[in-house]
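So the structure is just underneath, and the comments pick up after that.
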Amino acid sequence: MEKIQRILVATDFSPRADRAVQRAAQLAAEHEAELDLLHVLPVFPLESFKHLIAETPLETEQRLCNRAKLALQNKVETLTRDGISARHHVAVGRAHVEINRYAESHHVDLIVVGDQGETFVKELFLGTTASKTLRTGHHPLLIIKQEPKGQYKHVLVPVDFSRPSLDALNVALKVATQASVHVLHAIEMPLGRKMEQAGFNAKWIDLYRNKMLSRAREGMEKIVADHARGDTRVASLIEYGHSPTVIREKTQSLDIDLIVMGKRGETELDEALFGSVTKHVLYETPCDVLVVSPMAGSSQFIVSS
């Protein structure tokens, strides 16, 4: 398994971004990885206020850039004293574009960002930086919702046996090196309910349910064998129920502090606008969420044989 070598954390110097920096620093220390701090100055405010300031927009941009660099430099010096190899960069442009551009050009393994507070999900799926970064980028994106309290201890990986969910498991094992990893598959029974409504007897419905359970067990056994490879931290769970509800309940009962999910290609977030599992998880669970893009999972993140 390849190591995490470089982590990028984007900050706007807000409290939620500070939580992201703290978590990124913990992960960098845990993996002995390099940490890059990035602040993106937006272009539009400079254009909007250019008639209200004495300096030219270029001079104002330079002043803001210098202030941001100084703030980042202070954070880097603190991290360096803690033994973390860190550097900083200030960019000008659209936040998600610059975040993904930096991640691509500097071969970043993981991007870390803060959430958006109480209105996070509403904003996320209406076009915030986190949403756009995920939709347009190909790097794992860790969204920090909690105050960091040491290394991750309990990780939940929902799987539906698709390639993105398997990629998510690979990344979970890589990122949370000391955590217990719970691989969860939720069996939904929409056809079973229709069978009841159509008048099928209980015996046929039970046969259908048992067949689904048998397939799920076979799938989970294969996942653990192929991806965990004897890792004693990994446990598999199969539950009946609506996926978001099962995930929420298991997050609470297992004291989960990180959920790792796979992103389903280009249309995943478009689907999320109308109520995908991803949206429910981000909205209804209090823990951090790591979303893995297919390209990331299918290249540098796959466990080598």
Side-chain angles (χ1 to χ4, degrees), residues 4 7-10 16-17 19-24 26-27 96 99 103 109-149 151-160 162 164-176 179-184 186 243-264 268-269 271-273 275-294 296-297 301:
I4 292 178
I7 299 171
L8 171 65
V9 56
R16 63 178 181 267
R19 292 197 298 267
V21 172
Q22 292 173 34
R23 174 58 71 184
Q26 289 183 2
L27 289 171
H96 69 284
I99 290 171
D109 297 309
L110 177 67
I111 301 173
V112 183
V113 297
D115 73 359
Q116 305 296 315
E118 294 182 356
T119 61
F120 168 52
V121 173
K122 293 180 181 178
E123 293 179 4
L124 173 64
F125 291 95
L126 293 176
T128 62
T129 297
S131 172
K132 292 178 180 178
T133 301
L134 183 57
R135 186 174 66 247
T136 61
H138 301 288
H139 294 77
L141 182 67
L142 175 58
I143 301 168
I144 305 302
K145 303 166 69 176
Q146 296 177 320
E147 191 75 28
K149 297 179 180 178
Q151 295 181 346
Y152 290 120
K153 297 179 180 179
H154 305 289
V155 177
L156 184 67
V157 185
V159 298
D160 58 4
S162 66
S165 67
L166 301 184
D167 293 340
L169 175 57
N170 288 334
V171 175
L173 293 170
K174 178 177 181 178
V175 171
S180 60
V181 179
H182 303 273
V183 185
L184 171 66
S243 293
T245 302
V246 172
I247 293 170
R248 183 179 66 249
E249 291 174 348
K250 288 301 176 182
T251 297
Q252 182 177 4
S253 64
L254 297 173
D255 196 23
I256 298 297
D257 48 14
L258 174 65
I259 298 175
V260 185
M261 303 185 68
K263 171 187 167 186
R264 283 183 168 277
E268 173 69 8
L269 286 184
E271 179 186 347
L273 283 166
S276 74
V277 174
T278 303
K279 178 180 178 180
H280 281 285
V281 169
L282 287 167
Y283 184 77
E284 298 171 357
T285 60
C287 61
D288 298 348
V289 180
L290 171 55
V291 184
V292 180
S293 297
F301 279 96

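Keep in mind that this is a model prediction, so the values were computed, not measured.
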Does a side-chain N-to-carboxylate-O contact under 4.0 Å join D167 and K263?
no
Exam field: side chain S180 to backbone K153, donor-acceptor pair closer than 3.5 Å
yes
Any side-chain heavy atom of L254 sitting closer than 4.5 Å to one from H182?
yes
V175 side chain reached by V260 side chain, heavy atoms, under 4.5 Å
no
Judged by modelled atom types alone, do H138 and S293 share a side-chain donor-acceptor pair under 3.5 Å?
no
Quick one, I259 and D288 - any side-chain contact, counting heavy atoms below 4.5 Å?
no
What's the verdict on side chain to side chain contact (heavy atoms under 4.5 Å, CB included) for I4 and K174, showing C-alpha distance, side-chain angles and the deciding distance?
CA-CA 8 Å; I4 292 178; K174 178 177 181 178; 3.4 Å; yes
Apply side chain to side chain contact (heavy atoms under 4.5 Å, CB included) to residues K132 and I99 and explain how you reach the verdict.
CA-CA 10 Å; K132 292 178 180 178; I99 290 171; over 6 Å; no
For Y152 and R23, what are the C-alpha separation, side-chain angles and deciding distance, and is it a side chain to side chain donor-acceptor pair (under 3.5 Å)?
CA-CA 10 Å; Y152 290 120; R23 174 58 71 184; 3.3 Å; yes
I'd like to check T245 versus I247 (side-chain heavy atoms, cut-off strictly below 4.5 Å). Are they in contact?
no
Residue pair M261 / V292, side-chain heavy-atom distance below 4.5 Å
no
Would C287 and I256 count as a side chain to side chain contact (heavy atoms under 4.5 Å, CB included) here? Give the steps.
CA-CA 7 Å; C287 61; I256 298 297; 4.2 Å; yes
Is it the case that over 12 heavy atoms from other parts of the model lie below 6.0 angstrom from the CD atom of Q146?
yes
Hey, does R248 have a side-chain heavy atom less than 4.5 Å from the side chain of H280?
no
Member of L184, V183, V159, V157 meeting the side chain to side chain contact (heavy atoms under 4.5 Å, CB included) criterion with S165:
V159
If you apply the rule side chain to side chain contact (heavy atoms under 4.5 Å, CB included), what do you find for K145 with R19, and how did you get there?
CA-CA 8 Å; K145 303 166 69 176; R19 292 197 298 267; over 6 Å; no
Taking all non-hydrogen atoms of both residues, which atom of G114 and which atom of A20 are closest, and how far apart?
N-CB, 3.6 Å
To the nearest 0.5 Å, how far apart are CD1 in I143 and CG in L134?
6.5 Å
The single option from V112, I144, L142 passing side chain to side chain contact (heavy atoms under 4.5 Å, CB included) against L290
L142
Going from CG on L173 to CG on L169, what distance comes out if it is rounded to the nearest 0.5 angstrom?
4.5 Å
H139 versus I111, closest heavy-atom pair with distance:
CB-CD1, 3.8 Å
Would you mind reporting whether L258 and L156 have side-chain heavy atoms less than 4.5 Å apart?
no
